[in-house]
Amino acid sequence: MNAVDSLLDLLGEMRTMIQRIDDESYVAPARGRSSGGIGSHVRHCLDHINALVTATRTGMCAYDRRARGTAVEICRHAALHSILDLEADLLRLDRRLLDVPVHVETQVDTHGSVLVTTSTIGRELMFVISHTIHHNALIGRLLEERAIEMGPRFGLAPATPLLLCAQ
């Protein structure tokens with residue numbers, strides 16, 4: 001298995017989760033908050049994956065340039081459509097691009113200051129995988145609050161032994 005396949009697997013898990021829940025569960029905010037529900041986490045993850053895919057064409061990965069409150073955040077069908085588009089983009093990705101240098105633009109403070117660093121598509125792919133796992137873990141907690149079971153590995157890093165989580 002390669003890193004692109006790992007990200008495709010994560011998108012598949014996310015797609016399955018979205019298909020299994022209802023619209024209310026998808027848009028409900030996290031307890032005690034006005035935002036941060038499942039749809040918000042999905043949109044956030046897909047924005048990061050889209051930024052990476054865009055970087056393969058432009059050479060600039062700008063994770064912080066994202067729109068909030070989009071259809072993906074409030075409509076499961078829009079999220080599913082976006083996932084299918086991203087899966088198709090990843091399947092077409094030339095694996096030789098993984099070693100290609102890329103600039104990463106990051107907002108470093110609340111005033112809008114931006115730094116640009118250099119990375120590679122492969123390194124950013126690994127970041128996006130880790131980032132998606134992290135958000136799937138947060139989604140997993142939101143699902144637990146609604147008594148929705150996704151299976152014991154949903155939201156766990158591949159290196160996390162399942163036995164430790166059962167204790």
Side-chain angles (χ1 to χ4, degrees), residues 1-19 35-73 76 78-143 150-162 164-165:
M1 177 172 278
N2 63 50
V4 173
D5 291 336
S6 294
L7 185 54
L8 285 165
D9 285 350
L10 288 168
L11 281 170
E13 283 181 3
M14 190 176 284
R15 185 173 15 86
T16 298
M17 178 272 300
I18 294 168
Q19 290 168 334
S35 65
I38 292 169
S40 298
H41 286 286
V42 168
R43 189 259 320 145
H44 181 76
C45 288
L46 299 184
D47 286 350
H48 274 64
I49 297 167
N50 188 54
L52 176 65
V53 169
T54 299
T56 66
R57 295 187 302 270
T58 67
M60 175 63 75
C61 193
Y63 298 117
D64 296 329
R65 290 190 208 172
R66 55 187 187 268
R68 288 161 176 82
T70 64
V72 167
E73 199 165 328
R76 290 183 314 119
L80 291 169
H81 180 73
S82 182
I83 288 171
L84 291 173
D85 287 346
L86 287 169
E87 287 173 333
D89 287 341
L90 290 170
L91 286 169
R92 285 190 299 268
L93 185 69
D94 183 347
R95 303 307 197 261
R96 294 174 294 189
L97 287 176
L98 298 180
D99 293 325
V100 170
V102 63
H103 296 290
V104 181
E105 179 186 273
T106 306
Q107 183 175 329
V108 294
D109 62 33
T110 58
H111 302 292
S113 301
V114 172
L115 291 179
V116 177
T117 56
T118 303
S119 185
T120 64
I121 295 293
R123 175 65 192 101
E124 294 311 305
L125 174 60
M126 297 309 295
F127 163 72
V128 168
I129 288 169
S130 177
H131 180 264
T132 303
I133 291 167
H134 165 75
H135 280 275
N136 278 352
L138 295 171
I139 290 169
R141 301 297 282 170
L142 294 170
L143 292 168
M150 288 303 301
R153 292 236 37 109
F154 184 83
L156 294 182
T160 303
L162 193 53
L164 289 179
C165 297

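- The structure places NE2 of H103 at 13.5 Å from CG of L115, a figure rounded to the nearest 0.5 Å.
- With a 4.5 Å cut-off on side-chain heavy atoms, I129 and L7 count as touching.
- Shortest non-hydrogen contact noted between R95 and N2 is NE-ND2, 3.7 Å.
- Side-chain contact between N50 and L46: absent, with no pair of heavy atoms (C-beta onward) separated by less than 4.5 Å.
- Within 6.0 Å of the CZ atom in R141, the count of heavy atoms belonging to other residues, nucleotides or ligands does not exceed 12.
- Contact detail for G155 and A137: the closest heavy-atom pair is O-CB, 3.2 Å.
- Here the shortest heavy-atom pairing between V102 and M60 reads CG2-N, 4.0 Å.
- When the shell of 6.0 Å around CZ of R65 is examined, it contains 12 or fewer heavy atoms from other residues, nucleotides or ligands.
- Distance alone, capped at 3.5 Å, places no donor-acceptor pair between the S130 side chain and the F127 backbone.
- The nearest pair of heavy atoms linking R43 to G69 is NE-N, 4.4 Å.
- Atoms CZ and CD1, from F154 and I133 in turn, are 11.0 Å apart once rounded to the nearest 0.5 Å.
- In this pair, H135 and H44 present their aromatic rings tilted. The plane angle is within the 30 to 60° band.
- Side-chain contact between T106 and D64 is present, with heavy atoms from C-beta onward closer than 4.5 Å.
- Looking at N136 and M17, their side chains never come closer than 4.5 Å, going by heavy atoms from C-beta outward.
- Closest approach of E124 to S119, counting heavy atoms only: OE2-OG, 2.7 Å.
- The minimum heavy-atom distance linking A51 with C61 is given by the pair O-SG, 3.9 Å.
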V104 vs R123, side chain to side chain contact (heavy atoms under 4.5 Å, CB included): CA-CA, chis, key distance, verdict: CA-CA 11 Å; V104 181; R123 175 65 192 101; over 6 Å; no

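- A donor-acceptor pair is defined here as one N or O able to donate and one able to accept, closer than 3.5 Å; no such pair exists between the side chain of D89 and the backbone of R92.
- The distance from atom CE of M150 to atom CD of E13, rounded to the nearest 0.5 Å, is 8.0 Å.
- Using modelled atom types, no side-chain atom of D47 and backbone atom of R66 make a donor-acceptor pair closer than 3.5 Å.
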- request: In sequence, state the C-alpha distance, the side-chain angles, and the governing distance for T132 and H48, and then conclude on side chain to side chain contact (heavy atoms under 4.5 Å, CB included).
  value: CA-CA 9 Å; T132 303; H48 274 64; over 6 Å; no

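- Separating the NE2 atom in H131 from the CG atom in L10 is a distance of 12.0 Å, to the nearest 0.5 Å.
- At a threshold of 4.5 Å between non-hydrogen side-chain atoms, the residues I18 and M14 count as touching.
- Separation of atoms CG (L11) and CG (D85) is listed at 11.0 Å; rounding is to 0.5 Å.
- Atom-to-atom distance recorded for I49:CD1 and L125:CG is 9.5 Å, nearest 0.5 angstrom.
- Although no hydrogens or angles enter the test, the distance criterion places a donor-acceptor pair under 3.5 Å between the side chain of T16 and the main chain of G12.
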